[in-house]
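Step one of this worksheet: look at the structure below.
Remember, it's a predicted structure, so these values are computed and weren't measured experimentally. Every chain is numbered from 1, with letters handed out A, B, ... down the list of sequences.
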There are 4 protein chains.
Amino acid sequence: MNTSAFENYESEVRSYCRHFPTVFKQSKGSYFIDENGKKYMDFFCGAGAANYGHNNPEIKAKLIEYLQNDGIIHALDMYTTAKREFIETLEEKVLKPRNLDYKIMFPGPTGTNANEAALKLARKVKKRQNVFALMGAFHGMTLGSLSLTTDKTSRKGAGVPLTNVTFIPAPYMFPELDTVAYMQRMIDDDHSGVEKPAALFIETIQAEGGIRVFDVEWLQRVRKFCDDNDILLVVDDVQVGCCRSGDFFSFERAGIVPDIVTMSKSIGGYGMPLAITLFKPELDIWTPGEHNGTFRGNQLAFVAAKAGIEYMLNNQIEENTKKKGELVREFVEKEILPLDTRLELRGKGLIWGIEFGNIPVSGLADKVEEKCFEYGLIIEGAGRKNSVVKLMPPLTISEEELTEGLHIIKQAVKDILSAL
Amino acid sequence: MNTSAFENYESEVRSYCRHFPTVFKQSKGSYFIDENGKKYMDFFCGAGAANYGHNNPEIKAKLIEYLQNDGIIHALDMYTTAKREFIETLEEKVLKPRNLDYKIMFPGPTGTNANEAALKLARKVKKRQNVFALMGAFHGMTLGSLSLTTDKTSRKGAGVPLTNVTFIPAPYMFPELDTVAYMQRMIDDDHSGVEKPAALFIETIQAEGGIRVFDVEWLQRVRKFCDDNDILLVVDDVQVGCCRSGDFFSFERAGIVPDIVTMSKSIGGYGMPLAITLFKPELDIWTPGEHNGTFRGNQLAFVAAKAGIEYMLNNQIEENTKKKGELVREFVEKEILPLDTRLELRGKGLIWGIEFGNIPVSGLADKVEEKCFEYGLIIEGAGRKNSVVKLMPPLTISEEELTEGLHIIKQAVKDILSAL
Amino acid sequence: MNTSAFENYESEVRSYCRHFPTVFKQSKGSYFIDENGKKYMDFFCGAGAANYGHNNPEIKAKLIEYLQNDGIIHALDMYTTAKREFIETLEEKVLKPRNLDYKIMFPGPTGTNANEAALKLARKVKKRQNVFALMGAFHGMTLGSLSLTTDKTSRKGAGVPLTNVTFIPAPYMFPELDTVAYMQRMIDDDHSGVEKPAALFIETIQAEGGIRVFDVEWLQRVRKFCDDNDILLVVDDVQVGCCRSGDFFSFERAGIVPDIVTMSKSIGGYGMPLAITLFKPELDIWTPGEHNGTFRGNQLAFVAAKAGIEYMLNNQIEENTKKKGELVREFVEKEILPLDTRLELRGKGLIWGIEFGNIPVSGLADKVEEKCFEYGLIIEGAGRKNSVVKLMPPLTISEEELTEGLHIIKQAVKDILSAL
Amino acid sequence: MNTSAFENYESEVRSYCRHFPTVFKQSKGSYFIDENGKKYMDFFCGAGAANYGHNNPEIKAKLIEYLQNDGIIHALDMYTTAKREFIETLEEKVLKPRNLDYKIMFPGPTGTNANEAALKLARKVKKRQNVFALMGAFHGMTLGSLSLTTDKTSRKGAGVPLTNVTFIPAPYMFPELDTVAYMQRMIDDDHSGVEKPAALFIETIQAEGGIRVFDVEWLQRVRKFCDDNDILLVVDDVQVGCCRSGDFFSFERAGIVPDIVTMSKSIGGYGMPLAITLFKPELDIWTPGEHNGTFRGNQLAFVAAKAGIEYMLNNQIEENTKKKGELVREFVEKEILPLDTRLELRGKGLIWGIEFGNIPVSGLADKVEEKCFEYGLIIEGAGRKNSVVKLMPPLTISEEELTEGLHIIKQAVKDILSAL
C-alpha cells in the first residue's frame, strides 16, 4: 500500500483515511474497490453524498455526454442551459408535487455554504442577531455554521468565541423537559437573558448527534412555536435529505413546511459538490450578489443533479428506502440487539444507529467499525463520544447486499462484545 | 431567450446573469456560446477559475476517461489514487522546483473554505485571536472569511458584528503613510488598542479591491515584518494564483515564502470546485478532522487539477502569460489611455484594470462592460465603487483573440466617453 | 412641588422619581422626609443600600469627626489609615469569625464594578471565556456585568450583542428539571455546544428576579458541581449581603464558601459608594493596577463601612433580622395572602416579595406600590413583568414601624384587589 | 510603618501604594500627611480628582452641615433637594453661561460609568454598533469602556475579545498622516472594512496616553467631520475637565460643542464619587431606568459638587490655572529641559508631561517619580511605556508651593540623569 505521498505531504487534519487504511481507486453501486482490486461494501456513503449509488450508470452517461459536447463547466451565476434544466426539474418534479413554492438559491457548493446563507438571510429578514440551534446539532465548519455546531472539538478549532447562538436542549436529552415550552419561556420571560432569535435551526434527524429521530408531534409543535413567535424555522437537510429518511425532504413525514431548507451532499446526484438553500418567496430580500461564491454554479453537478432527481423518481427511491429501512430494523432487532441488552437501535429510512454508549466501556463502536473494515465493510461512527455505529448504505443497495452488510456488522459486534 | 425559470424560481441574489443577459450553453477556449449559437469572448474567466481555457481538450479527455473507468467520485478524505496523483504532481512539479515544502490541506472545495481553514490554523498556532487584513481585501463570504473581507455591502450581509480582525490601510491608500511602519507601531505601542495578530492576510494583487499590485519591496518588507514579530504571513492566491500574475504563485516575483497560502478557482484545472490550503510543515498541528467538509475530496477535480498542472508546464503558461501581459499593457497604453488622460492602467501578468474613478461621472466602468457585452465580450468590473474594468482573459488565449478583445474594449470605452 | 429643574435638565433616564413624585430632603432611621416635611416610611431601602438605617447616628458621628479632622477623602489605592482600619475590621470581625480567608479587592465603588472585577478575574484564572449565569439574574449595567444580567430591556440597551455568557434556567423555572444535572450535562456532553465556563455567577436570593430564595440543598449541590468541575462559584451579594438575608453573607445559611464574593450597597454602612470583591487567596493573580478606578479608595465610605460593621455586631443585626423576618412572614400569611388565594409570598430575613403574577391582570403590583406611596410608604416592585411587591425595610426598623408598614401594604392590596 | 493589613489581606491588584510606600492619614490643600506626620506635596491630585484642593474648607463646611442636618445620603434617582441644587448650579453657573443646553444624566458615580452610558446612548441613537476611539486613549476599565481603552495590559485583563471599536491613529503618531482625512476615507471607501461608527470618542488632551494636547484646528476639523458624517462626537472630560486645562470644559479652547460629554473625578468637588454624562437634548431618547446604578444619586457628592462649582467661580480658578500653567511651562523650559536636550515638555493649564522616552534608557520617568517621593513630592507617570512624568498639582496650589514642587522635580531629574 503506497501511502507515503499522503503521509509526507498531506496535512495531519486528514481523518477518515486513518479508519480505512487502503488506497481506493474505483467505486460502483454499493462498493468501493481499492487499488489492489479488493472490494468494500459501503455503509458510510460519503456521509450521505452517494444516496443514488456510486457511479450510477444513468447519471454517468449524462455527464460524459455533457463533457463531450463541451457543455459549460464554470459560469458563476450566469444563466446556463444546465442550470435551467436543473431548476425546472427541481421545481416540476420535486417542489410543485409537494406544494412547495420555495425560491432556490445557489450559495456555493457545500453544506456549510448553504447554512451560512440561511443564517445571513434569517438575520437579514428578521433584523435580529440571535439564533436558536439544538444541542447535538452539526451544521458545518465555517465560522457561521460552526457557531451552530455543537461538537466541542470542532468549536474549539474556531480560535475565537462563537457568538450569537443560543443552544436549546434536544428533546431526548432531558425527557422530563418540554423543550418547546422551554423555548417559549425563553421568549416570554422578560428575565431569561436570551434574546429572541431570528431563526431556529434543526435537523429533523440529528445524524452526527447520534441518529436521533425527532418525532412528528415535536416537529409539528416546533413549527407552531415558530409561527406563533415570528421566528423562521430552518431545516438543515444536508445529510438526511434526498430520500435518506424515506421521503425526499426529511420533514415531509411531519407534514410541516420549513421557512428555509438547506441541502447538499446527494443533491449533486453523483457525489459532486452542489448545495442549495430553499426559502419561501417572501423571504427573498437578497440584493444581487449579497452572498456569493466562485463555484455556486457547478454546471456538471447541475447535470448530475437533474439526472439524480429523475433516477430517484423512476426507481421509486422513496418507497424502496422505507422498505429497506424495515429490513434493517428487523435484522438489527432480531439479530444484533439480543447480543447485549444495553444496545439500542434508532433510525428511520436508511439511516440507523446502533448505540453502544450504555455499555460502560469506551471505544466499542470504534472497534466494531474497525472490525467491519477488516471484513470488507466501510462504516462510520457518530454521536456522543462517538458511541454509535451509523448504518447508511446507498439507497440503491439491493436487499441481498444489505443483508450481507448487516451480517458483517452482526459478526463484528459479536467479536467485539465477546472480547469484553 | 427563455429565462423565466430563473426569474420565477431562482433567488434575487443571482447577480452576474443580470450583466450578461443570455443563456449560455457551451464554452471552448476563450469563448462562451449561448443557446442561440452566439459566441462571446471571455475576458472575465470565471473570476479566475478558467485560467487554462474553457473545456481544455487535454484535461477533458482525462476526465472522460476517468468517468468511463468508474474512478471514484466522492471519498471524503479517504486515500484514493486520484488524490495521490494530484498530491504527487503538485509536490514534484510545483512545490519542489520552487523549494517549497508546504503541507497540503484540502479544506472543502471553495476559496472561502481555504481561507476559513487558514484563519483557524493561524489562531490555533499562535494562540491569538486578532488577525490583520488589508483594506481593499476580498477573502470570501462565509462568516470567518467575511470578517477579513472589506466590501461594506458584503459585510452588512453578515447580520452580526464581524470581529477579531484589524484592517490595515493598503499601501496605495495613503501614499504618505508607511504601512509596514504603521503595523509595527500597532505592535510596539503599548497604547495602540490593537492586539498583536496571529496572522496578516494579504493578496499580492488585490483583485476585487481594484487590481492593486503590491510592489516587490513592500512584499519583502511585509515578510520581514511578520518574521520579526512572530506573525504568520498568509497569502490568499485564490484569484491571482495559478499563473494569473505570470508566476504560478503570485508571490514568486517578490522572492518571499508565505507561511500559509490559500488557492482555489483555477487550481481545479477545468473549472470544477477545488481548494487547497498550503502551510509550512511546522504549522501542521491540526488534530484529525478538526476542520472538515463533505467535498474536501472532489476526485474529479483532482484529476483535472493534475492535468491542469501538466498542461500549464507543457505549454509554458507562466512565460506566455508574461508576454501576453506586455501585449495588454502596450495596447491599453497606446490605444485606450489616450482616450482620456484621467484613465489609469494597473496590472500584472494577465490581470489588468482600467480605472475610471478619476472621471467624476458614476457608473462609467459599468457602462463600458455593458457595451462590451453588446459587442460580444464578457468582462466585469472591480474596485472601489466598481470603477475599474477588469481584464482577465484565459491564459491560453491566442494573441489574435487577445488583440480582438482589446479592440472591443477600446471601442466600448470610446463609445461611452464620447457620450459624456 | 418644585421639580422643574429635573424635568427641564435631567435626562429621561431618571426612573424612581417617577414612582415617588416628591422632593426629599432628609432621612432618618426608617423614614424619608420631603421638603414639605411629610414623612415616608421606607420599605425600599435604596435597593438594599441602607440596611443599617438612614443616617444612623453612630456612623454619622464618626463621619463628621473624620471630616473635621481633615481625614483623607481621596487617595486612589494608596495606603491610608481609614482603609487599614476598614480592612482590619472586616478581617477580624467578619471574615475570621466565619473562617473565611478571602483577599479583599477594591474595584471601584459600585456593585457593577465588583462584578466586572469578578468576571475578569475568573476568566484570567481559568483561562476560559465562557461564564454561566442564572436566568432571572441581575448583576449590573456596565457591559461586562450587563452580559450577566437577564432583563431584556436592560440588555437591549447595550446596543451590541452581549456575548460569552450562557444562561442556565433558575431552579424555580422548570421544576421538573434538575438544574445542577443540566449544568453537568452541558460540561460532559461533547455535543452540547456550550463551552465549559470559568465561573458560575449566582445570587443566593434573586432580588430583581422576583425574590427567589434558592434552597440550601441546591446551593450545596451547586458548590459541589463547581468543585467537581473546576469552575469558580461567584456569589453576588450586592443586594442580599450585609445581613439582609439574616446572615452577614447570604450564603452562610447553606454552609458553603464561594470562590468569589461581590458586595456593595450596604457595605458602605451609610449609603455611600463602596464595593468590594472578595476571593480565595489562591485566585489573587492580579498584576498591580490590572483593574482599577479613580474612586476605588472612597475613604469616607471606609470610615462608614467600619462603623457599619461595628454597629451591626453591637446591635445583633443578624439575629434581629431573622426575628423581624418571621414577623413579616406571619403578618403577610395571616393578613394579606388571604385577600386572594392567588397571591404568593417568598423571602428570607428582611427581603420579601408578594407575587401578583398569578392574577391575570397586568400592573397590579405597580398599583399597590403607588397606593402605598399615597399612604406614606415607599416600596418598589421586582420580578418578571414587575409583578412582585418587594418588602425591604431597613434592618434597624422597630417592630412597631414594621407592623405599621405592613398594615399600609395590606390596605393598599385590599384597595387594589377590590377595584378589580 | 504598619502595612501588614494591606500585605496580608488586600489583593495584589493594589498599585499606587507600591510607589508611595507610607500610610497616609490626612490631607489639606496641596498636601498629604502620613501617619507619622510627614507632609508630602501632591502633584498627582488623585489623577485629577482633587482639582479644588484637598479638604477645601469651604466645601468641607457644607458637607458637615449637611450631615448634621440629616440631609439625605442615598436616594437612587429620586428627587432630592441636594440634587436639585446641584442641577440648578450646574445649569445656571456652568452650562448656560457657555450657551450649552445639555441634558444631565447621572450614570453611576465613576468615570467608567459615564463612558458606558455614553457608549450605550450613542449606539442607541445612531443604531450602529461600531465606535471610533483614538489610539492612546483611556476611557475606563469596565467591559464597554475598556473596549475604548488602548493600554494593552488593561485590555488583556478583559479575558475576552474587546469588539465593536475601531482605533484611529492619534494625530501625533504619524505626523505625515492627516487623521481626519483618514477617518473620512474609512467612511467613504466602500472597501475599507470599517463600519461607520455611531460616535467618535476623544479626550482633547490624552492624559494616560502621555499628556498629548490636540490642537485647536484638529479639534475643529474633528467636530466638522462628525457633523458632516452624522457621527456623534463624545468628549471624555473625566481627567482634564473641571478647569484642569484652564477652562471648565477642556474643549472650550477650540470653540466646539461635543454631542456628549462625560465627567467625573473633580466634578464631585471634594474627591467623592460622582459622574455625569451630558448630551444634547435631542439625544435624550433613554427610556426610564434603561441605564442605572445604585449610587447614581450620591447626595453628599451633590453637596460638594455644588460647593465646588461655587468655589471655582468665586476664586477664578480658570484664569488662575492658565497663569500657573505659564509658570510651570517657563520653569520647566528654563530649568529642566536644558538638563538633557532629549527631554520634551507637553501640556496645557495645569496638566504637564515631561517626556523621557527619547532617552534610550528604560524606566527613567519611574525613577524620577521615586526620587521625588523621597524628597516629599507625590507625582506619577503616564504615557507610552510610562515614560512621561505627569505634573498635575491641585489648581488651588499657591505659586510658592508650585515653585517648590518644581524645584523638587528639577532636583530629581538632575539626580537621575547624572546617574546615567
Checklist entry - What residue in Gln206(D), Arg185(D), Lys156(D), Glu208(D) has the most heavy-atom pairs under 4.5 Å with chain B? => result Arg185(D)

Item to check | Most contacts with chain B, counted as non-hydrogen pairs under 4.5 angstrom, among Gly210(D), Ser192(D), Gly209(D) | outcome: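 Most pairs with chain B among the choices: Ser192(D).
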
Item to check | Interface moiety of Asp188(B) toward chain D, non-hydrogen atoms closer than 4.5 Å | outcome: backbone

Sort out for me which of [options] touches chain D most, counting heavy-atom pairs under 4.5 Å.
options	answer
Lys385(B), Met186(B), Lys196(B), Arg155(B)	Arg155(B)
Asn386(B), Val165(B), Asp189(B)	Asp189(B)
Gly383(B), Gly136(B), Ala181(B), Pro161(B)	Pro161(B)

Checklist entry - To the nearest 0.5 Å, what is the distance between CZ (Arg212(B)) and CD (Glu355(B))? => result 6.0 Å

Checklist entry - Within a strict 4.5 Å, meaning less than it, do heavy atoms of the Gln129(B) and Glu195(B) side chains meet? => result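 A side-chain contact under 4.5 Å is absent here.
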
Next on the checklist: Please tell me whether Phe132(D) and Phe167(D) form a close aromatic pair, meaning their ring centres lie under 6.0 Å apart.
Outcome noted: no

Checklist entry - Do NZ/NE/NH1/NH2 and the carboxylate oxygens of Asp237(B) and Arg244(B) come within less than 4.0 Å? => result no

Checklist entry - Are any of the side-chain nitrogens in Lys124(B) or Glu290(B) under 4.0 Å away from the carboxylate oxygens of its partner? => result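 Salt bridge flag = yes for Glu290(B) with Lys124(B).
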
Item to check | Plane angle bin for Phe214(B) and Trp218(B) - parallel if under 30°, tilted between 30 and 60°, otherwise perpendicular | outcome: tilted

Item to check | Interface moiety of Tyr182(D) toward chain B, non-hydrogen atoms closer than 4.5 Å | outcome: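 Looking at Tyr182(D), backbone and side chain both touch chain B.
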
